[in-house]
Amino acid sequence: MTDATPPDYRDTVFLPKTNFPMKAGLAQKEPGILDRWRNTKVYERLRAARRGRATWILHDGPPYANGDIHIGHALNKTLKDIAVRMATLRGFDAPYTPGWDCHGLPIEWKIEEQYRKKKRDKREVDPIEFRRECREFAQKWVDVQSAQFQRLGIMGTWDQPYLTMDYEAEAVIVEEFLKVAGSGRLYQGAKPVMWSPVEQTALAEAEVEYQDVTSTQIDVVFEISEFPEVPELVGAKAVIWTTTPWTIPVNRAIAYGEAFDYLVIGKEDCRYIVAEPLVGAFLKRAEVFPRNEDGDPPSLEDLLFGKIADVPPPILIKGTALEGAVARHPLHELGGFYAEPRPFLPGEFVTTESGTGLVHLAPDHGEDDFRLCKEHGIDPMFVVDEAGVYHTDWPVVGGHHVYKVNAVDGPVCSALSGAGGLLAATADYTHSYPHSWRSKAKLIYRCTPQWFVRMDAEAGADGDAGPDTRSLREIALAEIDKTRFVPERGHKRLKSMVEGRPDWVLSRQRAWGVPLTLYVHKESGAFLQDDAVNARIVAAVREGGADAWFAADHQALLGDAYKAADYTPVTDILDVWFDSGTTHAFVLESGKWPDLSSPADLYLEGSDQHRGWFQSSLLESCATRGHAPYKALLTHGMTLDKNGRKQSKSLGNTTDPKKIIDAQGADILRMWVAAVDYTEDHRIGDEIITGIADRYRKLRNTFRYLLGALGDTTPDVMPADRMPELERWALHRLTEVDTKLRAAAEAYDWTSYLVTLEQFAGADLSSFYFDVRKDSLYCDALDDPKRLACLSVMDTLFHALVRYAAPILAFTAEEVWQSRFPSDDDSVHLKEWPEIDAAWADEALAVKWERLRALRGVVTEAIEPLRREKTIRSSNEADVALVLSDAEALGDVKSVDFAELAIVSRVDVRADAIGGAEAAPAYDGAWVRVDPTELEKCARCWRHTPDVDTGTQLCGRCRDVVKP
RNA sequence: GGGCCGGUAGCUCAGUUGGUUAGAGCGCACCCCUGAUAAGGGUGAGGUCGCAAGUUCGAAUCUUGCUCGGCCCA
């Protein structure tokens with residue numbers, strides 16, 4: 001060795017060369033890639049290229065067009081895009097048409113809010129103008145969201161999306177509604193809704209706000225007239241408690257809790273029934289017994305221990321004893337309606353938190369009341385009008401407003417008191433009560449006529465449901481069983497929801513939406529069913545949108561066969577879920593998007609859509625077509641914050657997708673989508689995104705290394721059987737990876753897909769294959785067979801990996817592709833799944849090389865202590881002695897250039913023990929010893945070999961390479 | 001309150017029919033290289049598997065209860 005500076009052979013080494021930058025700069029780069037895709041019409045060219053192939057159709061569930069997209073939208077659309085691109089990669093013709101839900105309440109609100117700011121009253125505005133403003137508002141947000149979705153790299157027919165407010169769509173919605181009407185499943189019924197007497201309109205739950213009010217609370221007695229379980233208690237008085245005295249005049253029944261105990265208290269001629277836990281509170285309100293010696297109202301204990309003069313201890317009865325009992329309304333002496341019997345009904349909603357454990361039921365004015373009464377054949381009375389005023393002919397309260405009759409000395413209390421039915425009344429009960437979001441006025445529940453779709457066979461009717469005599473519920477349940485669910489648990493969830501759901505209420509008393517285009521006969525109440533009339537209605541809507549119904553010349557629509565004067569046109573608006581429930585009709589079937597067809601291969605939405613779109617689409621399609629509009633349903637969970645809490649603006653824990661895109665790039669967001677387990681609720685936060693960015697960089701650098709190694713060459717393909725074992729092992733691993741990726745793609749399991757890809761790129765390639773082959777790649781002659789084999793494998797790996805990555809890292813894969821194959825209009829997304837030669841699979845080789853890698857680990861582990869004590873620096877400086885007790889392992893190591901694999905100077909493998917060798921902790925039957933090598937270092941390849949020339953300081957191999 | 005679901009290293013995820021010392025990648029710490037260099041290689045430290053009972057020779061895995069969180073409903 002000389003003291004002179006070693007010759008510099010750097011220029012003779014074949015280092016990786018690429019212009020592909022290590023730093024991604026995605027936020028800046030991605031918009032340019034999007035422009036390229038748009039300008040070169042990649043989506044359209046894909047359609048042409050895949051024409052005639054098997055189709056795979058994802059039908060887009062429409063987001064609501066009323067604001068910027070949030071992380072949930074980003075997740076949903078990205079999952080869709082990954083699925084579509086994956087299907088495309090696998091050779092399917094997978095078109096994608098995005099859509100928007102445009103009708104409905106939230107948009108109406110926004111417009112009304114604008115009116116309020118301008119001090120305009122909505123009722124003064126022409127409905128047509130109002131609807132036009134709603135339309136413009138929706139269109140604005142469609143455009144905004146479209147740009148935001150496209151920025152995520154979502155591929156589809158963005159220049160031709162579907163909108164539920166398109167005239168054509170509105171026409172099909174009407175057409176579908178009329179089909180449902182014609183199926184015999186549509187009926188008019190009633191239902192209590194939140195009603196504002198001030199605005200004289202129904203309100204949705206979201207329009208309601210709760211404020212504290214002080215109400216009159218009253219305790220009222222209903223004398224029991226029939227008591228089958230306990231006949232001796234006939235004449236006892238059931239006590240009910242209410243904070244809405246105005247509902248007493250329309251009482252129809254009394255609910256009790258079957259699981260509760262009730263006490264019968266008082267003397268034989270005047271006994272009260274109250275739930276046991278509530279007796280104490282009742283006795284304080286209604287002083288039905290003399291005060292005790294302390295001057296207080298008697299307590300339950302006083303009663304139980306007989307401390308009240310002449311009052312016997314209470315009798316306990318079970319709630320179930322009330323079955324079949326019947327009471328009289330306290331005003332029964334007025335006759336008529338009031339004289340009818342009031343049955344006791346078991347109600348699951350009855351609690352012992354307040355009141356008396358007995359609940360008076362007014363089906364007109366309460367949801368629980370309505371439902372329980374309906375189950376027992378008791379109908380509402382409809383005696384409160386739109387303004388909240390009783391019909392003038394109703395006894396006691398006729399002509400009064402419901403809010404004007406509640407005073408302690410008002411007509412209700414007075415009448416009850418006069419009839420001996422009032423035990424207590426005080427205007428001092430403070431509680432939370434619903435108010436109108438707009439007018440701040442108090443609300444009431446009020447039964448209103450609504451249109452329903454019947455889920456079950458009509459009781460007692462033979463029906464006219466066409467050839468399919470099953471009920472809608474039966475059809476839907478059968479279709480659910482035929483559907484594939486990802487994840488599987490969605491099956492149970494949707495099924496149980498459909499099993500338990502009530503009839504579908506289609507009507508809404510609103511303005512912005514598609515009308516229920518029905519003519520109701522004024523005398524019979526039946527709606528008109530006439531194909532010719534229906535055809536004219538549909539044609540009118542197709543021509544002028546849903547407005548056509550509100551501004552219609554109804555006589556013209558009805559034609560000569562009917563007189564407009566005989567019919568009332570319905571002005572209700574369809575539930576927006578009906579709109580989106582018909583997208584399969586106006587998108588998949590319409591022919592406007594000829595690539596699409598029904599049923600779809602997949603609907604992909606958040607788990608909240610089990611209640612929403614999955615169900616409305618299923619029911620609509622089953623009602624009109626007898627089958628589901630989809631073959632498979634994929635559901636994703638909700639995105640929570642970094643701590644697993646729900647994201648909300650008020651908590652300030654939301655993650656804005658735009659911020660991630662602007663700071664890190666859409667590919668980072670896409671990679672996050674693939675990395676998390678979307679089948680469950682999952683999290684997002686700074687730390688998580690940083691972690692994803694780190695993983696991205698690792699993958700990106702693997703591509704960069706491949707690009708550098710391959711340079712601008714296109715290596716000749718070398719048959720595997722002429723390659724070294726290491727290359728054959730790499731190809732074998734590729735077959736395994738390919739199989740795993742295919743399975744993961746088939747299962748929509750992007751988490752495992754991505755992990756498989758990353759581990760292959762990281763653990764197998766970067767830290768092993770590339771590391772070992774660096775020497776050959778950099779230093780061997782350009783025509784060296786080993787080097788050529790390596791390049792051939794790298795070329796194969798490049799083509800496989802870039803395609804595998806493309807559906808997830810859509811932008812980066814394109815950048816990688818363009819870096820190697822620059823062109824004006826080519827795209828990695830036009831390529832198909834790589835063809836991996838099945839003959840590359842070699843299980844025996846895999847077993848052998850797994851062992852070799854484990855033994856390589858033994859060596860690297862043994863080198864580490866010498867490195868720490870600075871005995872050696874590079875592993876190239878190590879001489880390794882490896883003792884193996886297992887003959888097979890010994891044979892394996894001897895059959896390869898193990899020093900090359902372990903990147904050390906020399907390896908002495910032997911079966912017999914050697915001094916200083918220590919047992920390898922991670923490998924039974926292996927002992928290892930590492931010494932610093934005495935061999936000289938080649939100045940070019942930096943390996944320590946026996947043949948380094950003292951003059952040139954080159955090893956034999958390098959002398960040959962640099963010779964000319 | 002009801003239906004469904006989940007809680008495994010700092011983070012994202014694996015954990016097969018219950019069976020040795022619960023794994024991977026990333027991050028972190030330390031070391032090496034300086035010819036993938038705002039890269040690359042190596043070594044290592046991190047977990048009483050949400051908590052508590054129970055079944056079992058044996059539980060992250062099965063049962064029950066509790067708790068925290070989510071979706072839907074009331």
Side-chain angles (χ1 to χ4, degrees), chain A residues 8-18 20-23 348-349 351 353 367-368 371 487 489-490 492-497 499-502 606-612 615 635-647 671-672 674-677 679-709 749 751-752 754-759 761-763 766-768 770-772 774-775 777-779 856-857 859-870 872-877 903 940-942:
Chain A
D8 184 359
Y9 290 102
R10 196 175 203 279
D11 292 343
T12 71
V13 178
F14 310 114
L15 296 178
K17 216 178 94 183
T18 176
F20 185 82
M22 193 177 310
K23 190 168 157 46
E348 287 181 3
F349 55 86
T351 70
E353 277 164 25
E367 285 186 285
D368 292 329
R371 200 167 352 96
R489 70 180 93 94
K492 195 174 168 189
R493 183 153 187 208
L494 185 61
K495 194 167 182 177
S496 70
M497 282 184 174
E499 277 169 348
R501 70 157 294 151
S607 58
D608 53 341
Q609 298 305 323
H610 285 107
R611 174 63 60 189
Q615 208 175 126
T635 35
H636 57 79
M638 300 290 131
T639 303
L640 312 173
D641 77 358
K642 63 182 159 115
N643 297 315
R645 302 296 170 100
K646 175 197 181 86
Q647 295 194 35
M671 190 161 165
W672 166 78
V676 297
D677 181 1
T679 67
E680 300 286 354
D681 292 342
H682 46 268
R683 305 174 183 201
I684 196 164
D686 290 343
E687 189 185 4
I688 295 167
I689 289 298
T690 303
I692 297 293
D694 287 334
R695 287 166 63 178
Y696 170 86
R697 232 173 284 128
K698 178 84 185 171
L699 208 48
R700 181 178 178 89
N701 275 311
T702 303
F703 278 116
R704 182 163 183 271
Y705 190 73
L706 279 171
L707 286 167
D749 183 355
T751 302
S752 115
L754 188 61
V755 165
T756 301
L757 201 58
E758 286 180 281
Q759 295 199 357
S766 189
S767 67
F768 179 58
F770 292 170
D771 209 33
V772 170
K774 246 183 220 179
D775 174 70
L777 211 50
Y778 295 178
C779 300
R856 183 180 189 260
V859 171
T860 53
E861 190 184 1
I863 290 174
E864 194 63 15
L866 282 80
R867 231 185 220 146
R868 280 174 191 276
E869 65 194 31
K870 317 284 185 193
I872 63 167
R873 311 187 77 85
S874 161
S875 63
N876 266 318
E877 297 168 25
I903 318 185
R940 181 168 176 270
C941 69
W942 298 347

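Below, chain A is the first sequence line, B the second, and so on; all start at residue 1. What you see below is based on every heavy atom in this structure, not just the backbone, and it leaves out hydrogens, waters and symmetry mates.
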- prompt: What is the nucleic acid contact for A/Ser752, judged by heavy atoms within less than 4.0 Å: base, sugar-phosphate only, or nothing?
  reply: nothing

Intermediate values then yes/no, side chain to side chain donor-acceptor pair (under 3.5 Å), A/His636 and A/Ser607: CA-CA 6 Å; A/His636 57 79; A/Ser607 58; over 6 Å; no

statement: Under a 3.5 Å limit on both distances, the Watson-Crick or wobble mate of B/C33 is none

- request: Take atom CG of A/Asn643 and atom C1' of B/G10, then tell me their distance rounded to the nearest Å.
  value: 13 Å

task: For A/Gln759, report the nucleic acid contact type (base, sugar-phosphate, nothing); a contact means any heavy atom under 4.0 Å.
output: sugar-phosphate

message: So if I take every side-chain heavy atom of A/Arg683 and compare against B/U12, B/A38, B/G41, which nucleotide ends up nearest?
response: B/U12

- prompt: Separation of A/Met671 atom CE from B/G25 atom P, in whole Å?
  reply: 15 Å

query: Of the non-hydrogen atoms in A/Phe20 and A/Arg704, which two are nearest, and what is the gap between them?
result: O-NE, 2.8 Å

query: For atom C1', what is the distance between B/C26 and B/A14, given to the nearest Å?
result: 15 Å

- request: Ignoring backbone atoms, establish whether A/Thr702 has a side-chain N or O less than 4.0 Å from OP1 or OP2 of B/A36.
  value: no

No-H, no-angle donor-acceptor pair, A/Arg493 side chain to B/C71 base, under 3.5 Å: yes

- prompt: When the C1' atoms of B/G15 and B/C71 are considered, how many whole Å apart are they?
  reply: 27 Å

task: State which of B/C72, B/A38, B/C26 makes the closest approach to the side chain of A/Arg611.
output: B/C72

message: Could you tell me the Watson-Crick or G-U partner of B/C11, where both distances fall under 3.5 Å? Say none if there is no partner.
response: B/G25

- prompt: Roughly how far apart, to the nearest Å, are B/A24 and B/G47 at atom P?
  reply: 15 Å

- prompt: Would one find a side-chain N or O of A/Lys698 under 4.0 angstrom from OP1 or OP2 of B/G41?
  reply: yes

message: Could you tell me how far apart A/Lys495 (NZ) and B/C73 (P) are, to the nearest whole angstrom?
response: 21 Å

Mate of B/G54 where both pairing distances stay under 3.5 Å, Watson-Crick or G-U: B/C62

message: With rounding to the closest Å, how many angstrom separate the C1' atoms on B/U61 and B/U17?
response: 11 Å

statement: Here the distance between atom C1' of B/G42 and atom CD1 of A/Ile872, to the nearest Å, is 11 Å

- prompt: With a non-hydrogen cut-off below 4.0 angstrom, is A/Val676 in contact with a base, only sugar-phosphate, or nothing?
  reply: sugar-phosphate

field: Selected nucleotide, minimal atom distance to A/Arg873 side chain, candidates B/C13, B/C33, B/G42
entry: B/C33

field: B/G6 pairs with, by Watson-Crick or G-U criteria that keep both distances under 3.5 Å
entry: B/C68

query: Hey, does A/Gly708 reach any base, or is it just sugar-phosphate, or nothing, if we go heavy atoms under 4.0 Å?
result: nothing

task: Would you kindly compare A/Arg704 and A/Ser607 by the position of their nearest RNA chain B nucleotide and give the one closer to the 5′ end?
output: A/Arg704

- request: Indicate, with a heavy-atom threshold strictly under 4.0 Å, whether A/Asp771 touches base, sugar-phosphate, or nothing.
  value: sugar-phosphate

- prompt: Taking atom C1' of B/A39 as reference, at what distance in whole Å does atom OH of A/Tyr778 sit?
  reply: 11 Å

- request: Check whether the side chain of A/Thr18 and the base of B/A36 form a donor-acceptor pair under 3.5 Å.
  value: no

- prompt: Distance between the P atoms of B/C49 and B/A39, in whole angstroms?
  reply: 36 Å

- prompt: Just to confirm, is there a sub-4.0 Å distance from OP1 or OP2 of B/A36 to any side-chain nitrogen or oxygen of A/Lys774?
  reply: yes

query: Should the pair A/Glu680-A/Arg489 be classified as a salt bridge under the 4.0 Å nitrogen-to-oxygen rule?
result: yes

task: Calculate, to the nearest 0.5 Å, the distance between atoms CG and CD belonging to A/Leu494 and A/Glu499 respectively.
output: 10.0 Å

query: Whole Å only: how far is the CD atom of A/Glu864 from the P atom of B/G41?
result: 14 Å

query: For B/G10, is chi within 90° of 0 (syn) or not (anti)?
result: anti

A/Glu687 bridged to A/Lys642 by N-O distance under 4.0 Å: no

message: Does A/Arg489 reach a base, just sugar-phosphate, or nothing at all? Heavy atoms under 4.0 Å.
response: sugar-phosphate

query: Reckon A/Thr690 has a side-chain N or O less than 4.0 Å from the OP1 or OP2 of B/C11?
result: no

query: Taking atom C1' in both B/U56 and B/U63, what distance in whole Å separates the two?
result: 12 Å

query: With both distances under 3.5 angstrom, what nucleotide forms a Watson-Crick or G-U wobble pair with B/G18?
result: none

query: Is the distance from OP1 or OP2 of B/G25 to the nearest side-chain N or O of A/Arg695 less than 4.0 Å?
result: no

message: Expressed as a whole number of angstroms, how long is the span from A/His636:NE2 to B/C71:C1'?
response: 12 Å

message: On RNA chain B, does the nearest nucleotide to A/Lys642 precede the nearest nucleotide to A/Val13 from the 5' side, or the other way round? Give the residue.
response: A/Lys642

- prompt: Closest to the A/Leu640 side chain: B/C31, B/G70, B/U43?
  reply: B/G70

- prompt: With respect to the side chain of A/Leu15, which nucleotide from B/U12, B/G35, B/C71 is positioned closest?
  reply: B/G35

task: Compare side-chain N and O positions of A/Tyr9 against OP1 and OP2 of B/G35 and report whether any pair is under 4.0 Å apart.
output: no

query: Nearest to the side chain of A/Met638 - B/G35, B/C31, B/G70?
result: B/G70

field: Atom pair CG (A/Asp694) and CD1 (A/Ile689), whose distance is rounded to the nearest 0.5 Å
entry: 11.5 Å

field: A/Glu680 (side chain) and B/G6 (base): donor-acceptor pair under 3.5 Å
entry: no

query: To the side chain of A/Trp942, which of B/C11, B/G35, B/G25 is closest?
result: B/G35

- request: Taking atom C1' in both B/A59 and B/U64, compute the distance separating them and give it to the nearest angstrom.
  value: 15 Å

field: Test salt bridge (Lys or Arg N to Asp or Glu O under 4.0 Å) applied to A/Lys698 and A/Glu758, step by step
entry: CA-CA 8 Å; A/Lys698 178 84 185 171; A/Glu758 286 180 281; over 6 Å; no

query: Can you check the A/Asp608 CG to B/G3 C1' distance for me, whole Å?
result: 16 Å

message: Please verify the inter-ring angle class for A/Tyr778 with A/Tyr705; under 30° counts as parallel, over 60° as perpendicular, anything in between as tilted.
response: tilted

task: Can you figure out which of B/A14, B/U43, B/G41 approaches the side chain of A/Ser767 most closely?
output: B/G41

- request: Remember a base hit wins even if backbone is also touched, and classify A/Arg940 as base, sugar-phosphate or nothing at under 4.0 Å, heavy atoms.
  value: base

Closest to side chain of A/Lys646, choosing from B/C71, B/C11, B/C30: B/C71

- request: Rounded to whole angstrom, note down the C1' distance from B/G27 over to B/G10.
  value: 7 Å

- prompt: Between B/A39, B/U43, B/C72, which nucleotide gets closest to the side-chain atoms of A/Arg697?
  reply: B/A39

message: I need the minimum non-hydrogen distance between A/Arg611 and A/Arg501, along with the two atoms involved.
response: NH1-CB, 4.2 Å

field: Nearest heavy-atom neighbours spanning A/Pro487 and A/Thr679
entry: CG-CB, 3.8 Å

